[in-house]
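First listed ligand is number 1; within each ligand, the first listed atom is number 1. Computed from a prediction, not measured in an experiment: that's the story for all the values here. Because only heavy atoms are used, hydrogens play no part in the values below, and waters and symmetry mates are left out as well, while side chains stay in. One-based numbering along the sequence shown.
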Amino acid sequence: MSAEPGAQSHPAEKRLIVLSGPSGVGKSTVVASLRREYPDVWLSVSVTTRRPRPGEEDGVQYHFVSDEEFDELVAQDQLLEWAQFAGNRYGTPRAPVQARLTAGLPVLLEIELQGARQIRETMPEALHVFLAPPSWDELVRRLTGRGTEVEEVVQRRLEVAKVELAAEEEFDTTLVNTSVQDVCDELLALMSAPKV
Ligand code: ADP
Ligand code: 5GP
């Protein structure tokens, strides 16, 4: 028995978007704005061994865990990807992402370069978006101006940023973060666009 052309139901869209870019470029700002404006957009909440910054809440920006708890998550294969970044570890809990994708709902991951590379290997259907600063000087201004890290950590993050900027070509598309609003709109369009 063969189905008529066009009679088959389309598989639910499952669009996985990976948003990456150097520290200080504005990823968290963009994501926070996106969540405020479009509460339906689902963003994976990562686990991290980093301490919370003022204003950060456990379970909102991150699940803040101890080194031992992170070890346990890795040992139990509960992370879709994870990486060491500027002295701390960060990872994406596997189960909630897979549940969303299985339900055909879009998923947004905001992760750094090594994690993005792991996702490219394990989930080749993902769309990789690079968030770029308008210029190097502006990136330095943003990272320094945020005032959340001591000078040594800022320098460490800027060193990593050079490596991350050099990897832009690995990404499917680049959005330049000049206007947070524009980036949010562009991201939303990418999340809801049919896959080609
Ligand atoms: P990331 O999450 O990529 O490390 P943040 O979202 O913390 O970066 O942003 C770093 C700093 O840059 C913050 O002080 C933020 O307010 C500022 N910022 C973010 N986007 C813009 C923008 N489009 N224009 C000017 N400043 C911005
Ligand atoms: P921050 O300490 O500034 O919140 O984040 C540092 C870096 O870790 C950022 O580039 C951020 O995108 C990245 N990051 C956050 N969560 C994850 C994650 O789950 N996995 C990976 N690989 N990187 C993450």
- Electrostatic pair Arg50-Glu56, nearest N-O below 4.0 angstrom: yes
- Message: Taking Arg89 first and then Asp71, would you say they form a salt bridge - that is, a charged N and a carboxylate O separated by under 4.0 Å?
- Response: yes
- What is the minimum heavy-atom distance between Lys27 and Pro22, and which atoms define it?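 Scanning both residues, the minimum pair turns out to be NZ-O, 3.1 Å.
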- Message: To check you understand the geometry: which heavy-atom pair defines the closest contact between Leu109 and Ser44, and what is its length?
- Response: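 Closest heavy-atom pair between Leu109 and Ser44: CD2-CB, 3.4 Å.
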- Is there a side-chain contact between Glu170 and Arg117 (heavy atoms, below 4.5 Å)?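 Glu170 vs Arg117: side chains touch.
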- Item | Residues in the immediate environment of ligand 1 (any heavy atom closer than 4.0 angstrom) |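 Residues within 4.0 Å of ligand 1: Pro22, Ser23, Gly24, Val25, Gly26, Lys27, Ser28, Thr29, Arg142, Arg146, Asn177, Thr178, Val180.
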- Message: According to ring-ring contact (aromatic ring centres under 6.0 Å, His included), does anything in residues 90-115 pair up with another residue at least two apart or in another chain? List the pairs.
- Response: Tyr62-Tyr90
- Query: Does a donor on one side chain and an acceptor on the other come within less than 3.5 Å for Glu138 and Ser135?
  - Reply: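 No, no side-chain donor-acceptor contact under 3.5 Å.
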- Task: Show the protein residues that qualify under the rule heavy atom under 4.0 Å from an atom of ligand 2, listing them in chain and number order.
- Result: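 Under the 4.0 Å cut-off, ligand 2 touches Lys27, Ser46, Arg50, Arg53, Tyr62, Glu81, Ala83, Phe85, Tyr90, Gly91, Thr92, Glu110, Ile111, Glu112, Gly115, Arg157.
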Donor-acceptor pairs under 3.5 Å, side chain of residues 183-191 to any protein atom, not counting sequence neighbours: which ones?
unit_1 : atom_1 : unit_2 : atom_2 : d
Asp185 : OD1    : Tyr38  : OH     : 3.4
Asp185 : OD1    : Gln181 : NE2    : 3.2

- Apply salt bridge (charged side-chain N to carboxylate O under 4.0 Å, His left out) to Glu159 and Arg156, showing your working. CA-CA 5 Å; Glu159 283 310 308; Arg156 215 145 122 202; over 6 Å; no
